[in-house]
J.: 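So that we are looking at the same thing, I have put the structure below in structure tokens.
Both counts, for ligands and for their atoms, begin at 1 and track the order of listing.
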Amino acid sequence: MTIIAQRMGRIQPSPTLAVTKKAADMRARGENVISLGAGEPDFDTPDFVKASGISAIEQGLTKYTAVGGTPTIKEAVRHKFQRDNGLRFKDEEVIVGTGGKQVLFNVLLATVDAGDEVIIPAPYWVSYPDMVRLAEGTPIIVSCGQEHGFKLTPESLASAITPKTKWLIINSPGNPSGAVYSADELRALAGVLDKHPHVHVLSDDMYEHILYDGVQFATLASVAPDLATRVVTVNGVSKAYAMTGWRIGFAGGDAVIIAAMAKIQSQSTSNPCSISQAAAATALRGDQSFLQERNQTFKERRDLVVARLNGVEGLSCPVPQGAFYVFVNCQGVLGRASPSGGTLNDDVALADYLLSQEKVALVAGTAFGSRGYFRISYATSTEALTEACQRIERGCAALR
Ligand code: GLU
């Protein structure tokens with residue numbers, strides 16, 4: 001007999017957060033660990049945004065707010081959707097929650113019944129399948145290989161849809177692959193969805209602003225307006241504005257779904273943090289030009305990591321077009337023996353080896369539904385990345 005509910009047996013702790021904790025614990029013990037685990041910008045929250053949070057406290061904006069967000073943040077979210085995506089939402093069609101994670105969770109909890117299927121292209125962000133399982137749904141994982149740029153094709157979408165399909169989750173730029181869907185690619189998926197009016201789409205646009213090489217961002221609700229009533233578009237301030245700790249995410253979509261999400265919030269968190277809402281509204285409405293500067297820094301780091309790792313025998317590293325991750329193919333080093341004995345049969349063993357031997361924390365591809373890969377977050381300093389690449393190189397060279 002256990003006190004723990006059966007539903008807990010269906011999920012595991014977030015692997016990205018677990019590896020981050022492991023690295024932090026090792027560092028606390030005095031070990032010189034480089035953590036490339038969690039996806040979190042190393043930049044600071046911009047000063048004008050911090051000032052807005054401080055001013056919110058001073059003004060006494062420290063009380064409960066409306067469940068789905070203050071009028072100010074909802075207005076800022078609507079403004080953002082229109083400015084950046086050409087999407088016009090009414091007040092009752094947007095909601096603000098405690099991070100993109102809670103917003104996604106609430107969409108699924110509000111809509112998924114036992115046995116409903118949710119199509120998740122792999123590699124996927126680690127939390128999608130477990131959120132679906134907590135909602136008693138069934139994740140349908142569709143493998144999207146490197147040969148397709150880690151993107152879902154219309155053919156594989158069509159063959160994954162069943163009468164039980166409730167949602168398709170699209171994440172672009174993608175975590176962990178950095179793959180970006182073009183408007184044409186989204187239109188091709190929309191062509192399939194046109195034939196299946198029971199399928200809704202969760203568009204996770206969290207990395208919208210982190211793009212390279214002149215690639216343009218596209219989101220399904222704007223490229224396929226006839227589908228828009230079936231799309232919930234999710235975004236947040238964590239990645240673009242380096243505001244991970246403030247925990248503000250938001251969504252725009254059908255008012256019935258948004259109302260159901262608000263009902264959950266009213267019974268769980270009441271409202272997202274009042275101070276964070278004020279600061280996030282300032283971030284969304286403020287000068288956006290710093291995003292370009294930060295992207296330039298991210299791009300330099302991406303190029304550094306891709307070039308270094310492609311030079312390591314046994315590793316290959318496609319060039320991602322967005323987000324701040326590289327998803328490294330490590331199949332060439334698997335099956336080799338570590339110097340301390342034991343064969344590294346899979347990416348999990350390799351990640352463990354690199355952490356224990358070389359003190360580099362990264363996340364095994366298995367956590368994202370793609371064996372034979374690992375993810376590096378390059379949202380950290382050039383010095384740390386250079387040192388980490390050296391360690392990975394040394395660790396791989398020591399395998400026999
Ligand atoms: N989304 C980030 C990541 O993939 C942050 C950690 C998490 O919530 O999973 O690393």
Side-chain angles (χ1 to χ4, degrees), residues 11-25 33-43 45 97-108 120-134 139 150 169-180 202-210 234-251 269 272-273 276 280 294 298 301-302 305 320 322-328 347-348 351 354-355 360-370 373-380 384-385 388:
I11 65 163
Q12 57 172 347
S14 163
T16 49
L17 300 184
V19 82
T20 308
K21 176 166 186 324
K22 213 166 172 180
D25 289 348
V33 179
I34 302 177
S35 186
L36 309 178
E40 171 166 56
D42 59 325
F43 298 123
T45 302
T98 305
K101 212 171 200 170
Q102 193 208 14
V103 172
L104 290 163
F105 186 82
N106 288 352
V107 175
L108 294 167
I120 303 175
Y124 48 72
W125 177 46
V126 294
S127 294
Y128 298 142
D130 279 0
M131 286 180 181
V132 171
R133 290 185 188 103
L134 271 179
F150 300 112
I169 301 183
I170 295 280
N171 173 217
S172 172
N175 176 4
S177 67
V180 181
L202 243 178
S203 180
D204 179 352
D205 297 359
M206 187 57 82
Y207 296 89
E208 168 180 11
H209 292 295
I210 304 171
V234 177
N235 211 319
V237 296
S238 294
K239 313 293 181 182
Y241 305 98
M243 293 178 71
T244 45
W246 299 74
R247 311 306 304 129
I248 293 289
F250 50 84
T269 51
C273 167
S276 300
R294 291 185 170 188
F298 278 142
R301 294 168 175 178
R302 176 200 69 170
V305 173
F324 39 62
Y325 307 108
V326 287
F327 202 48
V328 184
D347 49 271
V348 177
L354 289 173
L355 181 59
V360 179
L362 37 80
V363 188
T366 297
F368 307 94
S370 295
Y373 290 83
F374 60 78
R375 185 191 83 172
I376 281 182
S377 165
Y378 55 84
T380 191
L385 289 171

J.: F43 ring centre to R301 NZ or CZ under 6.0 Å, with the angle to the axis within 45°?
T.: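 Here R301 passes the 6.0 Å and 45° test against F43.
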J.: Please could you name the atoms of ligand 1 that L17 approaches to less than 4.0 Å, counting only its heavy atoms?
T.: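 Ligand 1 atoms under the 4.0 Å threshold to L17: 6 (C), 7 (C).
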J.: Does a side-chain N-to-carboxylate-O contact under 4.0 Å join D130 and R133?
T.: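 Here D130 pairs with R133 in a salt bridge, since their nearest N and O are under 4.0 Å apart.
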J.: For ligand 1, which atoms sit closer than 4.0 Å to a heavy atom of Y325?
T.: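 By the 4.0 Å cutoff, the relevant atoms are 2 (C), 3 (C), 4 (O), 10 (O).
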J.: With a 4.5 Å heavy-atom cut-off, do Y124 and P129 have their side chains touching?
T.: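 Answer yes - side chains close enough.
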J.: Hey, what do you get for CG (L17) to NZ (K101), rounding to the nearest 0.5 Å?
T.: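 NZ of K101 is found 4.5 Å from CG of L17.
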J.: Among all protein heavy atoms, pick out the one at the shortest distance from atom 2 (C) of ligand 1; state its residue, atom name and that distance to 0.1 Å.
T.: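 Checking every protein heavy atom, the shortest distance to atom 2 (C) of ligand 1 gives K239 NZ, 3.3 Å.
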J.: Hey, does N175 have a side-chain heavy atom less than 4.5 Å from the side chain of V126?
T.: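 No. Closest side-chain heavy atoms not under 4.5 Å.
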J.: With rounding to the nearest 0.5 Å, note down the distance linking CG in L36 to CG in L354.
T.: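 If we round to the nearest 0.5 Å, L36:CG and L354:CG are 10.5 Å apart.
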J.: Can you tell me which residue and heavy atom of the protein come closest to atom 8 (O) of ligand 1, and the distance to 0.1 Å?
T.: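 Protein heavy atom at minimum distance: K101 NZ, 2.8 Å.
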J.: Which of the numbered atoms in ligand 1 are below 4.0 angstrom from a heavy atom of N175?
T.: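 Checking each atom against N175, I get 1 (N), 3 (C), 4 (O).
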J.: When you measure from atom 7 (C) of ligand 1 to every protein heavy atom, which one gives the shortest distance, and what is it?
T.: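 Looking at atom 7 (C) of ligand 1, the protein heavy atom closest to it is T16 OG1, 3.4 Å.
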J.: For the 3.5 Å polar cut-off, considering only N or O atoms, please tell me whether R375 and ligand 1 meet it.
T.: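 So ligand 1 has an N or O lying under 3.5 Å from an N or O of R375.
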J.: Can you find a pair of side-chain heavy atoms, one from Y207 and one from V180, that are under 4.5 Å apart?
T.: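 With C-beta onward as the side chain, the pair stays apart.
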J.: Please state which protein non-hydrogen atom is closest to atom 10 (O) of ligand 1 and give its distance, to 0.1 Å?
T.: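 Sorting protein heavy atoms by distance from atom 10 (O) of ligand 1 puts G39 N, 2.7 Å first.
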J.: Is any N or O atom of A38, backbone or side chain, closer than 3.5 Å to an N or O atom of ligand 1?
T.: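 No.
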